[in-house]
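For ligands, and for the atoms within them, numbers begin at 1 and follow the listed sequence. Any value given below was found using the heavy atoms of this structure, including those in side chains, with hydrogens, waters and symmetry copies removed.
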Amino acid sequence: MTYRFWAACALAVLVVALIGVAAALIPWHKPPAPRADQLAALGQLPAEQVAKARAFHSALRPPLYGGLAAGLLATLVLGLTPLGAALVSLAGRPFGGNWVAQALFGGLAVTLLAELVTLPFAGWRHTIVVRYGISTQSWGSWAVDVAKSYAVGAVIGGLALIGFYTVVRFAPRWWWAFAAAGAAGLVVLLSFVVPVLVEPVFNKFTPMPESPLRTALLAVAERDGVGVRDVLVADASRRTRAVNAYVSGLGPTRRIVVYDTMLREATPDEVVSVVAHELGHAKHNDVRTGTLLGALGTAAGVIALYLLGSWAGLLRLAGITSIGEPRAIGLVLALAAVAGLAGGPAQAFVSRRIEARADEHALQLTGDPATFEAMQWRLSSVNLSDPDPPAWEYVLSASHPSTVERMAAARAYARGAR
Ligand SMILES: [Zn+2]
């Protein structure tokens, strides 16, 4: 029995587990949101607001897709030609040129280069969100955000790379098994620590001050039977006018976060409606589901990478002799980018189903479809989201049902509840 055989067996087991978890935990049934209701809702929205949202998204598309294409192209050039391997050698040389130096500084150099290629497109996007009044950030504060997110990525990526190449070095035949387990463990660890270690790098979180709204929110959580110690307010207004709320973290780090912009823009009833949606995520353990799917998918990806690593043609293209050497970082990132791109629509589909279930939860919990609908319209108009986006964009990337879909779901719920 070869190691490749065992790796293929492990990959098969992981894929079966992934399918099993997905089948059991993803809400495949979608609450009704008839197209007739969607069109009726769309017809009631102010035409100039809809036109403005569509103009905003048309303006955003060139830098958005241009940036994606440029980033992908740079990653593929680095990964599928000897350029990436050369860059890793070059970056590692001043630091001794050994495998640690190559893994750490080579990894940073390859990701920094890919980042730099997409930076002009990100800047272009920034000018558009500023022009449309969504972003309130100056160039300075925007640049600080870019630097911070690269730094966060560098710390997490650097630790992952050192861990990975240490395993490859000390278990040259079985590294794929340890690396798969380690990568899955990292996904789980990040779910726990991101809310307490990473999110505060970008925003300040404060417990919502004592108020009738806070009392109402905790009462709704209590009625829902979801353990929520507190509702946190994020100082989102320091960079955006957009309104949002989310739930993140697992177990002891689970929190519901509301943007301060939301408290300013929305009525208290609407905030209750949004928090009821977030409680739906908490009640159905959606962060846990996402983490579990992410961990299994990542482990499967690592083993697939190992199996692909015996493809001589691919190694020759990248100018390397083994997928387990630090000089292969470019190739690894290129394969990961292609896998991420290919998996995007499936991820978006799963996300939309989970979001639709959280919407249904909010409607059941509040019994107030009118406020839910008003809130959807508020979200859409303040955030300038296209209430009824083009089908191709929806299928490729929409993480949430469209505004008119969510309004239609509220209408269908109201009819059913009556
Ligand atoms: Zn949600």
Would you please name every residue forming a ring-ring contact (aromatic ring centres under 6.0 Å, His included) with Tyr306, sequence neighbours left out?
Trp175, Trp176

Glu393: partners by salt bridge (charged side-chain N to carboxylate O under 4.0 Å, His left out), with sequence neighbours left out
Arg61

Identify, with sequence neighbours excluded, every residue that meets side-chain hydrogen bond (donor to acceptor under 3.5 Å, both in side chains) alongside Glu355.
His277, His281, His400

Answer with yes or no after comparing the ring centroid distance for Trp124 and Tyr65 against a 6.0 Å cut-off, counting only values under it.
no

Relative to each other, are the rings of Tyr259 and Tyr246 parallel, tilted or perpendicular (30° and 60° limits)?
perpendicular

Report the protein N/O/S neighbours of the Zn ion (ligand 1) that fall below 2.8 Å; do not count waters.
His277 NE2, His281 NE2, Glu355 OE1

Closer than 4.0 angstrom, basic N to acidic O: yes or no for Lys30 and Glu360?
no

